[in-house]
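Please read the structure below before turning to the comments.
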Amino acid sequence: MRAPAPAFAATLNDATIEAAQAAIGAALVSAVEIAGEVQLHLARDGLVAALTALRDTPGLEYQQLMEIAGVDYPDRDERFEVVYCLLSLTRNHRLHVHVGATEDTPVPSVTGLWPVAGWLEREVYDMFGVLFAGNRDLRRILTDYGFRGHPFRKDFPLTGYVELRYSEEQKRVVYEPVNLAQDFRTFDFMSPWEGAEYVLPGDEKAAQVSAALPQAKGAPSPVTATQIQKADATQSDVKAPAAPSQPYAKKDAQSTADTGAGKPGPDAGEKPADPDVTPSKGGGQNQ
């Protein structure tokens, strides 16, 4: 039996846009199809009513709020965009709703439509600084207490503003301005597979040894095949291993004649007349 879930309704994007335009009305700024998905750009004041229509209108029925994402466009007047990712279970279709905002213009909260939006709005507030009017618990959710700034903004410094460490004098975690060590400032970002152009500490000894004797095979240095052959020639002869120490093999066999192949053992009995018959212990009725 095939699953009753409907096929992905990507072929119904045009019908979805028409149905959204009729349901939302003047709050819909624009509707486009990009990469096979529908994007609806809404006015901020009509956000809650538009999302309610998208959830409850037959033929749309976007029941689930999957994610709320933030985007930063520093060159725009309203530099932030809040993107609501909706899913229709009955139509197996996804929809993106975009609304613009600034750090001073709160976006209406949709916690009354989807309670899960409380955590998602807190994440956007923490990372981008977008305020949500109506969220009763709008606190930071990912960064630490006392964190300054919003990390996902394009103008946020990569090193941050402050750093923390444990102070033995004060017996607590303290915050201090970021202080880049000199080693970090002169860090060599070259690929480690290429090797450094300068001599690392300890490599001067290896250079002295390699000058007197070619490096052995498998050494991590770009030696030529000729140098590898010279390294093989300078190796000492390998001594043959000693004889086995087992009591029944005091010396090694020097040829196949000494292996005893074909010779009966000291406790071997007479061979049967019929080679296909193997005598059992004590003989048998047919032997």
Side-chain angles (χ1 to χ4, degrees), residues 9-10 12-143 150-155:
L12 302 178
N13 285 343
D14 294 336
T16 300
I17 293 176
E18 294 178 0
Q21 291 173 343
I24 297 173
L28 181 61
V29 177
S30 63
V32 293
E33 178 184 351
I34 299 178
E37 295 184 349
V38 176
Q39 295 184 7
L40 303 180
H41 296 261
L42 305 180
R44 186 169 50 254
D45 297 337
L47 175 65
V48 176
L51 292 180
T52 304
L54 292 174
R55 185 192 66 176
D56 300 338
T57 301
L60 292 174
E61 301 172 336
Y62 291 93
Q63 302 96 341
Q64 288 194 357
L65 173 64
M66 305 302 296
E67 182 62 271
I68 300 179
V71 189
D72 184 14
Y73 298 98
D75 298 335
R76 297 183 181 180
D77 294 335
E78 293 186 344
R79 61 179 295 181
F80 302 111
E81 267 193 3
V82 181
V83 184
Y84 299 83
C85 303
L86 306 181
L87 171 63
S88 173
L89 296 176
T90 56
R91 301 174 65 242
N92 193 15
H93 192 264
R94 294 181 184 270
L95 188 71
H96 296 166
V97 177
H98 297 244
V99 61
T102 67
E103 57 185 350
D104 300 325
T105 55
V107 176
S109 176
V110 295
T111 52
L113 299 177
W114 295 285
V116 69
W119 288 70
L120 303 177
E121 290 174 354
R122 287 178 60 183
E123 182 179 356
V124 176
Y125 163 71
D126 192 2
M127 296 291 102
F128 294 92
V130 178
L131 300 175
F132 292 89
N135 190 318
R136 299 182 180 180
D137 191 21
L138 194 61
R139 296 175 294 137
R140 291 184 180 269
I141 194 173
L142 297 177
T143 55
H150 304 279
F152 279 7
R153 288 188 179 184
K154 296 294 181 63
D155 53 2

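Index from 1, following the sequence.
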Residues at least two apart in sequence or cross-chain that pass ring pair (Phe, Tyr, Trp, His ring centres under 6.0 Å) with Phe128, listed by chain then number, are Phe152

Side-chain (Asn13) to main-chain (Gly36) donor-acceptor, under 3.5 angstrom: yes

Is there a donor-acceptor pair under 3.5 Å between the side chain of Glu121 and the backbone N or O of Ala133? no

Could you pull out all residues at least two apart from Arg44 that satisfy side chain to side chain donor-acceptor pair (under 3.5 Å)? Glu78

Report the residues that fulfil salt bridge (charged side-chain N to carboxylate O under 4.0 Å, His left out) with Glu123, sequence neighbours left out, ordered by chain and then residue number. none

Would you indicate whether the side-chain heavy atoms of Val124 and Val107 approach each other to under 4.5 Å? no

Got a donor-acceptor contact below 3.5 angstrom from the Asp126 side chain to the Thr143 backbone? yes

Taking Ser88 for the side chain and Glu61 for the main chain, is one N or O donor matched with an acceptor at less than 3.5 Å? yes

List the residues meeting side chain to side chain donor-acceptor pair (under 3.5 Å) with Tyr84, not counting sequence neighbours, and say none if there are none. none

Just to verify, what does His96 make a ring pair (Phe, Tyr, Trp, His ring centres under 6.0 Å) with, not counting sequence neighbours? none

Side-chain (Arg122) to main-chain (Arg139) donor-acceptor, under 3.5 angstrom: yes

Taking distance alone, no hydrogens or angles, what donor-acceptor pairs closer than 3.5 Å link side-chain atoms of residues 53-60 to residues at least two apart or in another chain?
residue: Arg55; atom: NH1; partner: Leu113; partner atom: O; Å: 3.3
residue: Thr57; atom: OG1; partner: Ala53; partner atom: O; Å: 2.6

Is it the case that over 12 heavy atoms from other parts of the model lie below 6.0 angstrom from the CG atom of Asp77? no

Do the side chain of Thr105 and the main chain of Ala101 share a donor and acceptor less than 3.5 angstrom apart? no

